[in-house]
Amino acid sequence: MPKSNYTNQIYLDYASGAPVDPRVLKVMNEVGKHEFANPSAIHELGVRAKKILERARGYIAKILGAHANEIIFTSGATESNNLAILGVGAPHIVTTNIEHASVLEVCKYLEKTKKAQITYVEVEKNGIVDPKKIKKAIKKNTVLVSVMYANNEIGTIQPIREIAKEIRHFNKINSKKILFHTDATQAINYLPVNVEKLGVDLLSFNGAKIYGPKGVGVLFKKRNLSLAPITHGGDQEFGFRPGTENLLAIAGLAEAFKITEALKEKESKRLVKLRDYFIKKIKDIDSEVILNGDKIERLPNNVNISIPKIPSELLVLELSARGIMISARSACKSLDRAESHVIKAIRPTSKIEGSVRFSIGRETTKTNLDYVSKSLFEILTKLKRWYN
Ligand code: PMP
């Protein structure tokens, strides 16, 4: 990948937002310069803009193994998740206790307003949900199951195909049509995304994590599945998401998706090696460090650890002072002082406070991680004197 400008910094917060790939910027620049017309306009420039929109939709559909009219553009994964969950209008939803806030808080809202009942299936200690427990949680009035493909904090990969199989089996025996939604935002760079093979009816992701622009997302919605829009006022996006399309961002997202798909296999292998190298280095520095989430079934780019007695925010700031960018919790909840619901879910009785996430990416090298390890050693040596 062509280098970006982060020469003096080591950016290890790719799971919050990846830098925009220069090839994506180039496409956005071209579209931005020439394609300013409204894609709904019927004049020549409008028709041209519409063509770009539909080409982007086609690219994305092809990668997902879907039809173009199953792709809805949104403002990001939060909106895609909201649209999927609110739009289906299920009286009972099954989900897990480690979903992203854009799923969990919609569910909490539906509970509070008595619009739906929710069952939160607890994940196991390794951060992975048991598909059998999902099946067990299904009730007579269940219409939707929503389980994220990979967790944004601890990177654990959920058994989406197995869950889909359980749902299909249940549907067949009971002549039901329970729908399956997955938030694939963190998984999309590294894991297979063919919606047929995954067995999902709805799938969300965004541009931010795939080296594309922020503020743009996709909701895949299987054909013939009825969905109520959550905003009103136009016919765009097949009436599911009214409002003038953000053509610039959509063109960028499609380009980013093509690039990430082409790099997926090679980059995943490279990052797994780097990830495991880094985990070993951290353990060598401090044997008390706890790796949060499953060792194997985790995203190639995720290292989430808890260090007993060391406040995680302090560690983030100490590293930041040395030019190393990591995060203490999900960026969407970074102002929330309470402990992460994900860490609480996998270690309910533990007194260890906080966790930090190193998320590596395309520009991360072994030399970077050696420098981070050295810095971590120095910082921990200093902090342990204060906090022991
Ligand atoms: N789901 C997951 C798993 C995420 O990691 C994020 C981004 N942190 C979102 C949803 C929300 O994405 P957006 O910021 O595009 O709304």
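Just so we're clear, the structure is a prediction, and the values are computed from it rather than from any experiment. The chain is numbered in sequence order, starting from 1.
Two rings, from Phe278 and Phe358, have their centers less than 6.0 Å apart. The distance between the ring centers of Tyr149 and Phe205 does not fall below 6.0 angstrom.
The residues Arg57 and Glu70 are annotated as not salt-bridged, no charged nitrogen and carboxylate oxygen being separated by less than 4.0 angstrom. Between Asp13 and Arg357 there is a salt bridge, with a side-chain nitrogen of the basic residue lying less than 4.0 Å from a carboxylate oxygen of the acidic one. Salt-bridge annotation for Asp370 and Lys366: absent, with no side-chain N of the basic residue lying under 4.0 Å from a carboxylate O of the acidic one.
At least one side-chain heavy atom of Leu227 sits under 4.5 Å from a side-chain heavy atom of Val88. Between His92 and Lys140 the shortest side-chain heavy-atom distance does not fall below 4.5 Å. Side-chain atoms of Glu245 and Ile250, non-hydrogen and from C-beta on, do get closer than 4.5 Å to each other. In this structure, the side chains of Asp286 and Lys384 come closer than 4.5 Å at one or more pairs of heavy atoms.
Under the 4.5 Å side-chain contact rule for hydrophobic residues, Val123 and Leu104 do not share a cluster.
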Result block: side-chain N/O donor-acceptor pairs under 3.5 angstrom for residues 124-131, not counting sequence neighbours:
residue: Glu124; atom: OE2; partner: Lys133; partner atom: NZ; Å: 2.8
residue: Asn126; atom: OD1; partner: Ile128; partner atom: N; Å: 3.1
residue: Asn126; atom: ND2; partner: Asp294; partner atom: OD1; Å: 3.2
residue: Asp130; atom: OD1; partner: Lys132; partner atom: N; Å: 2.9

Using atom types as modelled, flag every donor-acceptor pair under 3.5 Å from a side chain in residues 314-326 to any protein atom, sequence neighbours excluded.
residue: Glu318; atom: OE1; partner: Lys382; partner atom: NZ; Å: 3.1
residue: Glu318; atom: OE2; partner: Lys382; partner atom: NZ; Å: 2.9
residue: Arg322; atom: NH1; partner: Glu378; partner atom: OE1; Å: 2.6

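Tested against Val218 for a side chain to side chain contact (heavy atoms under 4.5 Å, CB included), the candidates Ile188, Ile72, Leu253, Thr74 yield a single pass: Leu253.
For the side-chain hydrogen bond (donor to acceptor under 3.5 Å, both in side chains) condition, the pairs that include at least one residue of residues 217-231, sequence neighbours left out, are His67-Arg223.
Cation-pi check for Arg362 over Tyr211 is met; the charged atom lies under 6.0 angstrom from the ring centroid and within 45 degrees of its normal.
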